[in-house]
Visitor: 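The structure's right below; bear with me while I get my questions together.
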Amino acid sequence: MERLQKVIARAGVASRRKAEELIKQGQVKVNGKIVTELGLKVSPSDQVEVNEIPIEKEEPVYFLLYKPRGVISSVHDEKGRKVVTDFFPGVEERIYPIGRLDYDTSGLLLLTNDGEFANLLMHPRSEIEKVYVAKIKGIPLKENLRKLEKGIRLEDGKTAPAKVKLLSVDKKKHTAIVEITIHEGRNRQVRRMFEAIGHEVMKLKRERYGFLTLDGLKAGEARELSPHEVKQFRALALESK
Ligand code: URA
């Protein structure tokens, strides 16, 4: 027997939190009856429907995508722009991205249909390192990079300490390449951190997520995670939670 919201999340319909909302909103039926309480436990023989559609108990799948720039981190875009799931034409499971990279950001993005896994990784307390490489306008002062390291005040609060490395400087073009490692995942966080010290981010790429890198992949390419990597990742998220 498992909790209803967990069963819905595992079927790839929605994240666990979203599934709870669907239940509260009366959009979920068990054996033909609307259920609005969250604690209900169901067995594999129970018929679960979300908006009248029976959920399919999909096998969980996990992918790593090298997201190119100019792609939306979503499963659908109303304006018809390219979305990350367009890179998985042969995958029948209902996968969705774990978190987001901005439209203009490239790099490592995980996708899954396992709502529980997605929630675990996105939990604010799961402090998984994300390494970004930013090309910025201007040449940053050491003391300003130090501010990013210590944590800087943004409109949604001070950022957690970060690791910052100045990789190179182009004096002629007046640009610099900086590597920054954070574990939070606020909206446009890296761009806003650099803006806060007076530098516009011209290009941004996520190069590492936990122990996962883009090794062997070109932009637009994806690979499946091995069962071992999934296990390791789950352990990493739980350990930091
Ligand atoms: N920080 C940003 O500013 N953008 C991203 O896409 C990811 C992190």
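As the structure is a prediction and not an experimental result, all values here were calculated from the model. When reading the values below, keep in mind they use all heavy atoms of this one structure, side chains included, and skip hydrogens, waters and symmetry mates. For the single chain, residues carry numbers from 1 onward in sequence order. Atoms within each ligand, like the ligands themselves, are counted from 1 in listed order.
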Visitor: With a 4.5 Å cut-off on side-chain heavy atoms, are Leu120 and Ser126 touching?
Guide: no

Visitor: Atom 1 (N) of ligand 1: which protein heavy atom is closest, and how many Å away?
Guide: Val190 N, 3.1 Å

Visitor: Can you check whether Arg100 has an N/O within less than 3.5 Å of an N/O in ligand 1?
Guide: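 It does not: no N or O of Arg100 is found under 3.5 Å from an N or O of ligand 1.
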
Visitor: Regarding Lys137 and the six-membered ring of Phe194, is the cationic atom NZ or CZ under 6.0 Å from the ring centre and inside 45° of its axis?
Guide: no

Visitor: Does Asn31 reach the main-chain N or O of Gln47 with its side chain, forming a donor-acceptor pair under 3.5 Å?
Guide: yes

Visitor: Which of the numbered atoms in ligand 1 are under 4.0 angstrom from any heavy atom belonging to Thr105?
Guide: 4 (N), 5 (C), 6 (O)

Visitor: Mark up the atoms of ligand 1 that fall under 4.0 Å of a heavy atom belonging to Gln189, in ascending order.
Guide: 1 (N), 2 (C), 3 (O)

Visitor: If you count the atoms of ligand 1 from 1 in the order shown, which ones are under 4.0 Å from a heavy atom of Tyr132?
Guide: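 Close to Tyr132: 7 (C), 8 (C).
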
Visitor: Tell me the closest heavy-atom pair linking Glu207 and Leu108, and the distance in Å.
Guide: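 Of all heavy-atom pairs spanning Glu207 and Leu108, the closest is O-CD1, 4.2 Å.
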
Visitor: Examine the proximity of ligand 1 to Val201 and report which part, side chain or backbone, both or neither, has a heavy atom under 4.0 Å away.
Guide: neither

Visitor: Using every non-hydrogen atom in the two residues, find where Glu93 and Glu59 come nearest and quote the distance to one decimal.
Guide: CG-O, 4.0 Å

Visitor: Could you tell me whether Asp102 approaches ligand 1 through its side chain, its backbone, both or neither, with non-hydrogen atoms closer than 4.0 Å?
Guide: both

Visitor: Report yes if some heavy atom in the side chain of Val75 is under 4.5 Å from a heavy atom in the side chain of Arg94; otherwise report no.
Guide: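 No. Closest side-chain heavy atoms not under 4.5 Å.
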
Visitor: Within the structure, does Arg191 bring an N/O atom to less than 3.5 angstrom of an N/O atom in ligand 1?
Guide: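 Indeed, backbone or side chain, Arg191 has an N or O that close.
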
